[in-house]
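Remarks on the structure that follows.
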Amino acid sequence: MERHEVLIIGGGNAGISLAARLLRDGVRDVAVVAPQPVHRYKPLLNYVGAGEATMAELKRPMADVVPDGCTWIRDAVESIDPEARSVRTRGGRTVAWSTLVLCPGLVEDWDATPGLLQAYADGWAASTYVPGSTPQVWPRLSALRTGSVVFTVPPEPASCAPTALKPLLMACDHWRRTGVLPSLDVTLVLPDATATGLPEADERLERTFADHGVEVVREARIERVDWDVHALALTSPTGRQVLEDVDFAHAVPHYRAPGWIADAGLAVDAAPGLVDVDPETLRSRRRESIWAIGDAADLATRPSGGALRKQVDVLARNLAASARGKPLHRYDGYTVMPITVSRRKLMLNEVDRNGRPSPSVPFIDPFEPHRWSWLFDRYGLPQVYWRRILRGKV
C-alpha cells in the first residue's frame with residue numbers, strides 16, 4: 001500500500017500552497033491528490049466576465065505548479081476510511097496517510113436548482129463561477145442594449161459569494177458609459193437581507209445599487225429555471241415571484257462539499273457536507289489525524305481565496321506543533337471579499353470572524369473603494385499568487 005507522511009486532497013490554492021509551505025518547513029514526504037490537469041487562479045474569472053482579462057491569463061499546467069519534491073497523485077477521491085487512515089481513488093489506488101489534510105473545494109449542486117444546468121447548456125445562463133461558461137459572460141453582457149438581465153449571489157457555502165457582485169457592478173458601469181443602462185432592467189437576487197452582512201460595506205453597496213437603478217430581491221433563491229421560456233422562479237419570505245422574459249441570467253449555481261466527506265463521517269451534516277473542524281485550530285473534531293482548510297471546511301467565516309493565506313500559515317504551524325506536543329496556534333477567521341464597485345475601483349472588505357475590520361495594510365479603511373486596490377486585485381495579486389503564494393512564500 002502506498003503511504004505518505006502528509007496527504008493533501010485538493011490541488012487548488014489551498015492544496016498547492018500548503019504543500020509548498022510544508023516542504024519549505026522541512027516535511028520530507030508530502031503528496032497531493034488532484035485529478036485536474038490545469039490549475040486556475042479563480043479570482044480572475046470575474047474579470048474575464050467583465051472583459052478585463054482572458055482565460056489564458058488565469059491558467060497554468062498543474063505539472064508546473066506542483067512544488068518540487070511533492071508527489072502528485074493525478075486521480076480523484078472515491079472514498080476515505082478514517083479508521084484505516086487510507087484513501088481510495090477512482091483509479092483503484094489505496095493511499096495511506098499519517099496526516100490527512102482536506103481542501104477539495106466545493107462542487108456545483110445542479111440538482112438544487114432544477115433547469116439551471118439546461119440553461120447553461122443553452123447559453124441563456126452562465127456565470128463566472130463555472131469556468132466552462134465564463135467566456136460566454138462578457139459577450140452576452142456587452143451586447144445587451146435593452147431588455148432584462150438578472151444576477152444572483154449564491155447562498156453559502158460558496159467560494160467568496162459576495163464577489164459574484166463583481167460582474168454586475170462592472171457591467172453596470174460599462175452600460176452607463178455606453179448610455180444603455182436606462183434601457184435595461186437589472187435585477188439582483190440576494191440570498192440574505194444585505195450583500196455582505198458588513199454594515200460598512202453594505203452601506204456603500206446599497207448606494208451603488210440605487211445609483212445604477214438595480215432592483216434588489218432580498219432573502220431570495222432561485223427555486224426553478226424555465227430555460228426554454230427564459231424565466232426564473234424565486235422564493236423568499238414574501239412569497240414566490242417569477243421573473244419572465246429574461247434576456248440573460250448570470251445565475252450562480254448552489255454548491256456543496258464532495259459527498260465522500262459526509263460518507264466518511266467527517267461532515268457537520270450530510271448537506272452541504274462541510275468538514276467538521278475546530279474553526280480556530282483547523283483540526284477535525286472527529287479524527288485527530290485529519291485537518292481541513294478552504295471552502296469545504298466549516299470554519300465559521302466567509303470562505304475566500306485571500307483567507308487561505310492565513311489558514312495555510314496556521315495549519316502549517318499546527319502540524320509542526322502537534323508533532324511536538326506543543327500548544328496549537330489559532331486562526332482568527334480572517335477573510336477578504338474584494339468587490340469592484342466600478343470597472344476601476346474596488347473595496348477589499350477585510351474582516352475577522354466577528355466582522356471586525358482586519359486590514360492587511362494598517363490604517364487603511366478596508367471598506368473604502370480605491371483605484372489602487374483594483375489595480376492590485378487585477379494585476380498585482382495574480383503575480384503574487386503565481387510567484388509567491390503557490391510556492392509557500394506567503
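Along the sequence shown, residues are numbered consecutively beginning with 1. Any value given below was found using the heavy atoms of this structure, including those in side chains, with hydrogens, waters and symmetry copies removed.
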With the side chain counted from C-beta on, respond yes when [X] and [Y] share a heavy-atom pair under 4.5 Å apart, and no when they do not.
X	Y	answer
Pro253	Asp109	no
Leu44	Met55	no
Leu190	Val217	no
Pro338	Arg378	no
Ser304	Val336	yes
Thr281	Tyr331	no
Phe367	Asp202	no
Asp298	Val275	no

Euclidean distance, [Y] [atom2] relative to [X] [atom1], rounded to 0.5 Å:
X	Y	atom1	atom2	value
Lys59	Glu57	NZ	CD	11.5 Å
Thr152	Leu165	OG1	CG	10.0 Å
Asn349	Arg302	CG	CZ	10.0 Å
Phe151	Leu141	CZ	CG	4.5 Å
Thr113	Gln118	OG1	CD	11.0 Å
Asp278	Ser284	CG	OG	10.0 Å

Smallest separation among heavy atoms of [X] and [Y], with atom names:
X	Y	result
Ala161	Pro154	CB-O, 3.5 Å
Ala195	Leu205	CB-CD1, 3.9 Å
Phe248	Gly123	CE1-O, 4.1 Å
Arg343	Ala50	NH2-O, 2.9 Å
Glu280	Val314	O-CG1, 4.1 Å
Gly10	Val32	O-CG1, 3.5 Å

Next on the checklist: salt bridge (charged side-chain N to carboxylate O under 4.0 Å, His left out) for Arg28 and Glu5? Distances and angles first, verdict last.
Outcome noted: CA-CA 8 Å; Arg28 295 184 179 182; Glu5 180 181 350; over 6 Å; no
Next on the checklist: Before you tell me yes or no, could you show the steps for Asp211 and Arg207 under salt bridge (charged side-chain N to carboxylate O under 4.0 Å, His left out), namely the whole-Å CA-CA distance, both residues' side-chain angles and the distance that decides it to 0.1 Å?
Outcome noted: CA-CA 6 Å; Asp211 185 49; Arg207 289 201 301 266; over 6 Å; no
Any donor-acceptor N/O pair, [X] side chain to [Y] backbone, under 3.5 Å:
X	Y	answer
Trp72	Ala31	no
Ser148	Val246	no
Ser322	Asn318	no
Thr89	Arg93	yes
Arg283	Glu288	yes
Glu215	Leu188	no
Arg3	Ser98	no
Arg40	Leu58	no

Checklist entry - Aromatic ring centroids of Trp110 and Tyr120 under 6.0 Å? => result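 Close enough - the centres of the two rings lie under 6.0 Å apart.
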Checklist entry - Between His230 and Trp124, is the ring centre distance below 6.0 Å? => result yes
Item to check | Test side chain to side chain contact (heavy atoms under 4.5 Å, CB included) applied to Ile9 and Leu100, Val95, Val101, Ile73, the passing residue | outcome: Leu100
Item to check | Positive for side chain to side chain contact (heavy atoms under 4.5 Å, CB included) with Asp247, one of Leu184, Leu144, Asp185 | outcome: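 The residue from Leu184, Leu144, Asp185 that satisfies side chain to side chain contact (heavy atoms under 4.5 Å, CB included) with Asp247 turns out to be Leu144.
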Do you see a donor-acceptor pair shorter than 3.5 Å between the side chains of [X] and [Y]?
X	Y	answer
Asp81	Ser86	no
Tyr47	Asp377	yes
Thr94	Arg88	yes
Gln383	Arg387	yes
Ser159	Asp295	yes
Thr340	Trp374	no
Gln241	Ser236	no

Checklist entry - Under 30°, 30 to 60°, or over 60°: which ring-plane class applies to Trp386 and His39, parallel, tilted or perpendicular? => result perpendicular
Decide whether a cation-pi geometry holds between [X] and [Y]; the criteria are a distance under 6.0 Å from NZ or CZ to the six-membered ring centre and an angle within 45° of the ring axis.
X	Y	result
Arg309	Tyr334	yes
Arg371	Phe376	no
Arg90	Trp260	no

Item to check | Residues Leu390, Tyr385; criterion side chain to side chain contact (heavy atoms under 4.5 Å, CB included); working and verdict | outcome: CA-CA 6 Å; Leu390 288 189; Tyr385 182 78; 3.6 Å; yes
Checklist entry - After noting the C-alpha distance and the side-chain angles of Asp29 and His4, does the key distance pass the side-chain hydrogen bond (donor to acceptor under 3.5 Å, both in side chains) rule? => result CA-CA 6 Å; Asp29 181 14; His4 294 282; 2.9 Å; yes
Next on the checklist: If hydrophobic clusters are built by linking Ile, Leu, Val, Met, Phe, Trp and Tyr wherever their side-chain heavy atoms come under 4.5 Å apart, do Tyr379 and Leu348 end up in the same one?
Outcome noted: yes
Checklist entry - Between Thr163 and Cys160, does a side chain to side chain contact (heavy atoms under 4.5 Å, CB included) hold up when you go through it step by step? => result CA-CA 6 Å; Thr163 61; Cys160 208; 3.3 Å; yes
Item to check | Sidechain N-carboxylate O distance under 4.0 Å for Glu206, Arg218 | outcome: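 Between Arg218 and Glu206 there is a salt bridge, with a charged N closer than 4.0 Å to a carboxylate O.
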Item to check | Asp64 and Arg60 ion-paired at < 4.0 Å | outcome: no
Checklist entry - Going through the distances and angles, do Arg286 and Asp276 end up as a salt bridge (charged side-chain N to carboxylate O under 4.0 Å, His left out)? => result CA-CA 7 Å; Arg286 314 290 177 95; Asp276 185 12; 2.9 Å; yes
Next on the checklist: Counting only heavy atoms from other residues, nucleotides and ligands, does the tally under 6.0 Å from CG of Asp68 exceed 12?
Outcome noted: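 Atom CG in Asp68 is not crowded, with 12 or fewer foreign heavy atoms closer than 6.0 Å.
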Checklist entry - Could you go step by step and tell me if Glu368 and Arg204 meet the salt bridge (charged side-chain N to carboxylate O under 4.0 Å, His left out) rule? => result CA-CA 8 Å; Glu368 180 68 32; Arg204 289 176 168 90; 2.8 Å; yes
